Amino acid sequence: MKSAYEIIIRPHITEKSMNASYGDQRIQDESQLVRKYTFIVAPDANKIEIKRAVEEIYNAGRKPDERITVTSVRTIRLPGKKRRVGRFPEGRTSDWKKAIVTLKAGQTITVFEGL
């Protein structure tokens, strides 16, 4: 079995993913906000492994009443793109996989911890 750090490679930080991590701006009550976080994951990881890995990494060192709960995981496989590499006319970037993790309402994590 892979370790959690082999499954979750890094957070995928873009403008769109950061907006999703703040939740719906129309909801005023912090305890009702549903937050979504985006991660780059191992291409062979499945949703159950991703869920366990996120909970293991971000629950480390937390008190039992502060633990996070992942409610859903969505994944997407993204193919590599053609790129020019030095003097060679064509090369390819690697294929990769992205996971969008939804937390239970009112919960939050610090995505920038390992950066």
Side-chain angles (χ1 to χ4, degrees):
M1 189 170 158
K2 290 183 179 182
S3 76
Y5 292 97
E6 291 174 340
I7 295 171
I8 305 295
I9 297 172
R10 66 179 179 268
H12 188 230
I13 299 172
T14 62
E15 200 171 333
K16 186 175 180 178
S17 68
M18 292 310 295
N19 285 336
S21 70
Y22 297 141
D24 189 357
Q25 299 300 320
R26 295 173 292 183
I27 298 175
Q28 299 298 320
D29 187 12
E30 275 292 316
S31 65
Q32 298 299 318
L33 279 178
V34 176
R35 299 174 189 267
K36 296 180 182 184
Y37 296 93
T38 308
F39 297 95
I40 296 175
V41 296
D44 59 342
N46 61 36
K47 293 180 181 185
I48 297 167
E49 291 174 335
I50 294 168
K51 177 181 176 178
R52 287 183 188 152
V54 169
E55 288 177 348
E56 181 181 330
I57 290 170
Y58 290 101
N59 282 335
R62 287 189 176 208
K63 296 177 184 175
D65 58 334
E66 296 175 352
R67 293 186 178 271
I68 63 164
T69 305
V70 175
T71 57
S72 74
V73 177
R74 293 177 151 192
T75 60
I76 184 170
R77 295 171 84 51
L78 298 157
K81 297 180 180 180
K82 293 180 182 177
R83 293 284 186 249
R84 182 183 167 95
V85 182
R87 64 186 174 105
F88 300 104
E90 189 174 297
R92 287 189 58 83
T93 60
S94 299
D95 297 344
W96 56 291
K97 189 173 189 178
K98 178 168 69 170
I100 300 170
V101 177
T102 305
L103 299 183
K104 193 174 174 183
Q107 295 181 342
T108 183
I109 59 176
T110 306
V111 177
F112 299 103
E113 286 178 7
L115 300 177

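Here, residue 1 is the first one in the sequence, and each next residue gets the next number. All values derive from a computational prediction rather than experimental measurement.
Annotation: side-chain contact (heavy atoms from CB on, under 4.5 Å) contacts of K16 (sequence neighbours excluded): T14. Legend: residues meeting side-chain contact (heavy atoms from CB on, under 4.5 Å) with A4, ordered by chain and number and at least two apart, are A53, E56, I57.
Two residues are said to be in side-chain contact when any heavy atoms from C-beta on lie closer than 4.5 Å; L103 and T71 fail this criterion.
Applying the salt bridge (charged side-chain N to carboxylate O under 4.0 Å, His left out) test to pairs two or more places apart or on separate chains, none has a residue in residues 69-83. Applying the side chain to side chain donor-acceptor pair (under 3.5 Å) rule to pairs touching residues 18-35 yields D24-R26, D29-S31, E30-R35, sequence neighbours excluded. For residues 88-103, the side chain to side chain donor-acceptor pair (under 3.5 Å) pairs, not counting sequence neighbours, are S72-T102.
Checked options I7, V101, N59, V73; the residue passing with V54 is V101 (criterion: side chain to side chain contact (heavy atoms under 4.5 Å, CB included)).
To the nearest 0.5 angstrom, E55 atom CD is 9.5 Å from R52 atom CZ.
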Counting only pairs under 3.5 Å, give me each side-chain donor-acceptor contact of residues 37-48, with atom names and distances, residues two or more places apart or in other chains.
| from | atom 1 | to | atom 2 | distance (Å) |
| --- | --- | --- | --- | --- |
| Y37 | OH | T108 | OG1 | 3.0 |
| Y37 | OH | I109 | N | 3.3 |
| D44 | OD1 | K2 | NZ | 2.5 |
| D44 | OD2 | K2 | NZ | 3.0 |
| N46 | OD1 | I48 | N | 3.2 |
| N46 | OD1 | E49 | N | 2.9 |

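Residues I100 and L78 do not share a hydrophobic cluster, clusters being chains of Ile/Leu/Val/Met/Phe/Trp/Tyr side chains in contact below 4.5 Å.
Of all heavy-atom pairs between I68 and R62, the closest is CG2-NH1, 3.3 Å. Residues V70 and K51 approach most closely at O-CE, 3.3 Å, considering heavy atoms.
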